[in-house]
Amino acid sequence: MSGNPALVMRLVASAYTVAEKAGAIVRKVLHSGELGIVEKTGANDLQTLADRLAQQSICASLSRRFPKITIIGEEDLPAEEIQEDLIENGQVEDILQKSCPEEFRALKEEELVVWVDPLDGTKEYTEGLLDNVTVLIGIAYGGRAIAGVINQPFYNYQLGAGAALGRTMWGIVGLGAFGFQLQEVPGDRRIVTTTRSHSNKVVTDCVNAMEPHEVIRVGGAGNKIIQLVEGKASAYVFASPGCKKWDTCAPEAILYAVGGKLTDMYGNAYRYDAAVKHMNSAGVLATLRNHEYYVSRVPQSVLQALKSD
């Protein structure tokens with residue numbers, strides 16, 4: 001297969017190395033001590049130098065190799081000459097060796113949309129909650145999230161000097177997901193993960209309606225999906241329009257690749273076409289198993305507070 005890998009395999013193989021490069025940029029900016037923070041819409045919506053440089057690196061690297069793909073990044077950046085040292089040209093051979101799922105073998109560049117969150121969990125990044133931080137590159141075809149790469153730049157950072165920092169996980173629907181050990185919360189326990197900094201009464205009411213045994217409040221959409229696939233949480237419940245398509249595309253693909261599901265609070269799938277609005281207006285509900293149970297528990301008052309797309 002490696003003689004002429006399908007476009008999707010080449011794109012994911014590139015996105016993997018590009019995400020690792022972005023993760024290295026995110027670490028380097030933090031260690032420099034000059035975060036370059038600006039507020040976008042308020043104190044809970046921040047942008048740092050790491051967001052800007054990581055997005056430039058990801059978008060420029062991928063568009064150079066795949067010029068006809070539509071790439072949508074979170075940060076609204078001016079068009080400018082990208083420094084050559086931000087470009088990553090590598091591809092991961094292991095990914096190129098794998099067999100592309102039949103339904104994606106003939107895809108063309110112009111049919112794909114890449115959604116990029118260069119630094120998911122920016123607020124946590126500025127506060128030193130580094131395990132919440134991820135780099136997200138999601139790939140969509142026909143409005144569906146079909147592949148994703150998640151880099152955790154600071155994975156293992158609590159272990160101190162000498163520990164290998166960072167890890168990258170990836171997945172393709174129909175092929176599986178790699179780079180982590182899939183685990184589930186024991187079936188008799190409901191652990192809900194939800195927002196750390198964007199809560200309100202509607203969000204809280206919805207979480208409580210799930211009758212959880214435990215609630216975990218952390219930052220970053222990517223981080224919460226990692227909790228689901230590593231057995232730390234059973235459901236990610238966020239009954240608010242705060243999440244965007246670049247937050248959910250990569251995580252949804254990886255979750256779906258291992259049998260999970262991500263929808264709005266009504267149980268409807270989100271679409272990732274190039275022309276869709278960026279906001280996930282009707283909230284996010286993600287699970288590894290038993291999705292219908294969680295959808296059925298969403299209170300009517302919550303559904304009325306959110307408008308379905």
Side-chain angles (χ1 to χ4, degrees), residues 6-9 11-13 15-16 19 72 95 98-105 107 111-117 120 134-152 167-185 192-193 220-238 243-274 276 278 280 282-296 298 309:
L7 169 65
V8 168
M9 305 311 291
L11 179 55
V12 174
Y16 187 107
I72 302 172
I95 298 175
K98 292 191 188 299
S99 188
C100 182
E102 185 65 45
E103 61 176 316
F104 305 141
R105 278 185 193 168
L107 298 188
E111 296 178 297
L112 299 179
V113 182
V114 175
W115 293 87
V116 175
D117 190 338
D120 182 40
T134 57
V135 174
L136 306 175
I137 303 176
I139 299 161
Y141 161 67
R144 292 167 51 213
I146 64 162
V149 175
I150 300 178
N151 175 269
Q152 281 182 295
R167 69 166 168 174
T168 304
M169 50 184 69
W170 66 280
I172 298 176
V173 173
L175 179 65
F178 308 86
F180 62 95
Q181 194 64 49
L182 181 66
Q183 292 180 321
E184 293 184 43
V185 173
V192 170
T193 183
N223 179 40
K224 295 184 190 74
I225 298 299
I226 292 170
Q227 289 185 317
L228 295 184
V229 299
E230 293 199 315
K232 298 184 178 76
S234 349
Y236 165 24
V237 180
F238 185 47
C243 235
K244 314 276 197 326
K245 298 293 185 298
W246 44 73
D247 293 311
T248 52
C249 186
E252 176 176 342
I254 288 174
L255 186 60
Y256 199 95
V258 294
K261 202 163 181 184
L262 185 150
T263 65
D264 66 15
M265 303 311 290
Y266 292 81
N268 299 322
Y270 277 115
R271 292 192 61 84
Y272 295 94
D273 311 89
V276 296
H278 297 162
N280 290 338
V284 174
L285 181 59
T287 59
L288 186 57
R289 305 282 178 260
N290 307 322
H291 197 78
E292 284 61 39
Y293 165 83
Y294 291 94
V295 171
S296 74
V298 178
D309 278 354

Less than 4.5 Å apart, any side-chain heavy atom of F178 and any of K98?
yes
Where do A286 and I225 come nearest, in terms of heavy atoms and distance?
CB-CD1, 3.7 Å
The criterion is side chain to side chain contact (heavy atoms under 4.5 Å, CB included); which residues satisfy it with A147, sequence neighbours excluded?
V12, I139, I172
Can you see which heavy atom on V173 is nearest to which on R144, and at what distance?
CG1-NH2, 3.9 Å
Verify, without hydrogens or angle tests, whether R105 (side chain) and C100 (backbone) share a donor-acceptor contact under 3.5 angstrom.
yes
Contacts of type salt bridge (charged side-chain N to carboxylate O under 4.0 Å, His left out), residue E111, not counting sequence neighbours:
none
d(L228 CG, I254 CD1) to nearest 0.5 Å is 12.0 Å
Applying side chain to side chain contact (heavy atoms under 4.5 Å, CB included), name anything that partners A253, two or more places apart in sequence or on another chain.
A145
Test item: T263 and Y294 side chains (from C-beta on) under 4.5 Å apart, heavy atoms
no
Contact between M169 and P251 at the side-chain level, heavy atoms closer than 4.5 Å - yes or no?
no
Over all heavy atoms of both residues, which pair between P101 and G174 is shortest? Give the atoms and the distance, please.
CG-C, 3.9 Å
Any chance you could measure Q183, atom CD, to E230, atom CD, to the nearest 0.5 Å?
7.0 Å
Do any N or O atoms from the side chain of D247 and from the backbone of A221 form a donor-acceptor pair under 3.5 angstrom?
no
Do V113 and D273 come close enough that some side-chain heavy atom pair is under 4.5 Å?
no
For L255 and Y236, run side chain to side chain contact (heavy atoms under 4.5 Å, CB included): C-alpha distance rounded to whole Å, both residues' side-chain angles, the deciding distance at 0.1 Å, then the answer.
CA-CA 12 Å; L255 186 60; Y236 165 24; over 6 Å; no
Mind listing the closest non-hydrogen atom pair of K232 and V185 along with its distance?
C-CG2, 4.0 Å
Checking side chain to side chain contact (heavy atoms under 4.5 Å, CB included) for the pair W170/I95: CA distance, chi angles, key distance, verdict?
CA-CA 9 Å; W170 66 280; I95 298 175; 3.5 Å; yes
So do Y270 and C243 actually touch side chain to side chain, heavy atoms under 4.5 Å?
no
Which label fits W115 and W246: parallel for a plane angle under 30°, tilted from 30 to 60°, or perpendicular past 60°?
tilted
Is the closest side-chain heavy-atom distance between S234 and N290 below 4.5 Å?
no
Hey, could you give me the CD1/NZ distance between I226 and K224, rounded to the nearest 0.5 Å?
11.0 Å
Student check: side-chain heavy atoms of L175 and M9 closer than 4.5 Å:
yes
Quick one: does I146's side chain get under 4.5 Å of E103's, heavy atoms only?
no
Expected output: side-chain R271 to main-chain G142 donor-acceptor under 3.5 Å
yes
For the student: nearest non-hydrogen atoms of L136 and I150, plus distance:
CD2-CG1, 3.7 Å
For the pair N280 (side chain) and G283 (backbone), establish whether a donor and an acceptor sit closer than 3.5 Å, ignoring hydrogens and angles.
no
Test side chain to side chain contact (heavy atoms under 4.5 Å, CB included) applied to Y256 and L262, step by step:
CA-CA 8 Å; Y256 199 95; L262 185 150; over 6 Å; no
NZ on K244 to CG on D120, rounded to 0.5 Å:
11.0 Å
Q152 and T134: which non-hydrogen atoms are nearest, and at how many Å?
CG-CG2, 3.8 Å
Rounded to the nearest 0.5 Å, what separation is found between the CG atom of L285 and the CE atom of M265?
5.0 Å
Working for side chain to side chain contact (heavy atoms under 4.5 Å, CB included), residues L182 and L288:
CA-CA 10 Å; L182 181 66; L288 186 57; 4.1 Å; yes
Could you grab the distance from atom SG of C249 to atom CG of D117, nearest 0.5 Å is fine?
11.5 Å
So, E252 and Y272: side-chain donor and acceptor under 3.5 Å apart, yes or no?
yes
